[in-house]
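First up is the structure itself, then whatever we jot down about it.
Note that the structure is a prediction, hence the values are computed from the model and not measured.
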Amino acid sequence: MDRGAFFPWLSAQNMTRHHSNQRLLLGVVLALGLASWLPATTARAAEKLSERDRVTLTAKLRSKQVDSRLDAVQKLAQFPEVEAAKLLLKFALRDTSDQVRRAGYTALVGFKNEAEVCDLLIDQLNRQAKQLRPDPTTPLLLCVLLSSELPDVQKSSLRYVNDKLAPARDGPLFVTALADALALRHESVDVAPLKRLAESKTMENFAVRRSIVRALAQIDDSEALDALIGMLTKIDGEARADAIEYLALVTKQQLAEPADWQDWWVKNKATFQFPALFERPRTRAYENLIYGRASTYYGLPLYAKRIVFIIDASGSMEGARIVAAKREMTSAIEALKDNVSFGIVVFNSRVVVWKRELVEAISSNKQAALQFVEKIGATDQTATYDALAAAFLVDAEAIYLLTDGAPSMGRYVQFDDIVRAISDQNRSRRESIYTIGIGPGEAGSPFEKFLEELAQQNYGLYRRVDE
């Protein structure tokens, strides 16, 4: 996606494409309101726009020429006061050009410590809360307030996120979308709102943790690295693996524990420089990532604290394949630490879920799981999509799909349809989907490409197992 694209998910088309609930996101946030959480600040004097400048710049903001509108925004940025902010709100943040909207937002961030401007933004958010239709400027104004260094605004904006967004049904989904949008900008000024969100109760949601980690990893700034390293003790599972993978990539250090990263950063922060050119992994990139000596399943790391194993028990798995699959799953379950929760889904023509909720990997639960695994037999057809959909019914961080053949029944059977449907559903969950292909045929076969694509679009890795 174009690095210059600014909050593209706000369009109705993209909100529908990414997740059906996103059409409700802005409406939910607007309905919550900010009035009781963001008190008025103490105003201070600022340089004022002259009436002549205001008229001239307004005319330029109405121009059909993008360059003219950009010039007006840049001039307004030099006047950190209410009248300039009003023009930015009215014109720049609603401009048809991504470039102008981006410049308008950046200008407002420059006003983040102006008390009168913060009061104006609060007033605008309160007005938007009374509107029936979502306002596309809402997340931008919230980001400016989250960026503020004014103590009252800092405290109150965080309180709003904790008390209103965190418990709301779509609140965490809003925060993940907001983090995604900031990630697209690659701007240092966006470290502050991301750090503030990382201090909020929305971090109790796995998708929020993962989205904030990955957003910070898109900003080449030492403060972003500082924030990531500081978060390592507060996050675990797949989110911590994301952070460590990125840190290892840019620092060339192979460190496993948060304390090791913190010690290294204290010694190297002042002199650290980002590599001139490096490619950020868009999904899980490395199988041998050093992270807490993670156990494995078919050689794939088990980083997550909440895991679902899916095993294909269709007719083609009968014999040596199902025996080997049960052996590997038994070894993986036995190796799980007791601070991990897990579940099992078995599928052929139908889907069987071992437990409705994930269970802790304590001895008694492991023994019950192994007894269940031992009884698995292979028969009938392959309802792959239905099994993945069933795995989404529990709150997991990672799904491990083991299968030996193309889907033959279920709601979706075409490869592209399954990848599209699962990836769309996973945008709000952010779960890693690891795939294991048993005897997948020739390298690059359609079935193998399906498993690779499913993993690549969902933060996972693909493992080929030849017989």
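- Side-chain contact check for Thr176 and Arg427: no donor-acceptor pair (N or O, by modelled atom type) lies under 3.5 Å.
- Between Asp135 and Arg94 a salt bridge is recorded (basic side-chain N to carboxylate O distance below 4.0 Å).
- The two residues Ile235 and Ala243 make their nearest non-hydrogen contact at CD1-CB, 4.4 Å.
- A distance of 11.5 Å separates CD of Glu328 from CD1 of Ile333, quoted to the nearest 0.5 Å.
- Remark: Ile122 CD1 to Tyr160 OH distance equals 12.0 Å, nearest 0.5 Å.
- Taking 4.0 Å as the cut-off between side-chain N and carboxylate O, Asp226 and Lys269 count as a salt-bridged pair.
- Contact detail for Met231 and Ala198: the closest heavy-atom pair is SD-CB, 4.1 Å.
- Between the side chains of Thr403 and Asp312, a donor-acceptor pair is found at a separation under 3.5 Å.
- For Asn348 and Thr382, the side-chain atoms include no donor-acceptor pair closer than 3.5 Å.
- Between the side chain of Ser423 and the backbone N or O of Val419 there is at least one donor-acceptor pair closer than 3.5 Å.
- Remark: Glu448 pairs with Tyr462, Arg464 by the side-chain hydrogen bond (donor to acceptor under 3.5 Å, both in side chains) rule, at least two apart or across chains.
- Contact check on Arg430 versus Asp180 returns a salt bridge, with a Lys/Arg side-chain nitrogen under 4.0 Å from an Asp/Glu carboxylate oxygen.
- Note that CG of Asp98 and CZ of Arg185 are 11.5 Å apart. Values are rounded to the nearest 0.5 Å.
- Side-chain contact, Ser316 with Asp404: a donor N or O sits under 3.5 Å from an acceptor N or O.
- Applying the side-chain hydrogen bond (donor to acceptor under 3.5 Å, both in side chains) test to Glu149 and every residue at least two apart in sequence or in another chain returns Asn113.
- Here the CD1-OH distance, from Ile399 to Tyr459, works out to 12.5 Å after rounding to the nearest 0.5 Å.
- For the residue pair Glu453 and Gln457, a side-chain donor N or O sits within less than 3.5 Å of a side-chain acceptor on the partner.
- Ring-plane geometry between Tyr297 and Phe309 is classed as perpendicular, the angle between the planes exceeding 60 degrees on a 0 to 90 degree scale with a lower cut at 30.
- A search for ring-ring contact (aromatic ring centres under 6.0 Å, His included) contacts involving Phe274 returns Phe272, not counting sequence neighbours.
- For Gln381 and Ser349, the side-chain atoms include no donor-acceptor pair closer than 3.5 Å.
- Salt bridge status for Arg102 with Glu187: present, with a side-chain N to carboxylate O gap under 4.0 Å.
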Item to check | Stepwise side-chain hydrogen bond (donor to acceptor under 3.5 Å, both in side chains) check, Thr137 with Gln128 | outcome: CA-CA 9 Å; Thr137 67; Gln128 291 171 6; 2.7 Å; yes

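- Checking side-chain atoms of Ser147 against main-chain N and O of Ala192 turns up no donor-acceptor pair under 3.5 Å.
- Atom CZ of residue Arg214 and atom CD of residue Glu245 lie 7.0 Å apart, to the nearest 0.5 angstrom.
- Taking the six-membered ring where the residue is Trp, the centroids of Trp354 and Phe342 are separated by under 6.0 Å.
- Summarising the geometry of Lys449 relative to Gly444, their closest heavy-atom pair is CE-O, 3.1 Å, with the distance given to 0.1 Å.
- Taking CD from Gln425 and CD from Glu431, the interatomic distance works out to 10.5 Å, rounded to the nearest 0.5 Å.
- A 6.0 Å sphere centred on CD of Glu199 holds more than 12 heavy atoms belonging to other residues, nucleotides or ligands.
- Of the possible donor and acceptor atoms, one in the side chain of Lys366 sits under 3.5 Å from a partner among the backbone N and O of Glu334.
- By the 4.0 Å N-to-carboxylate-O rule, Glu397 lies too far from Lys305 to be salt-bridged with it.
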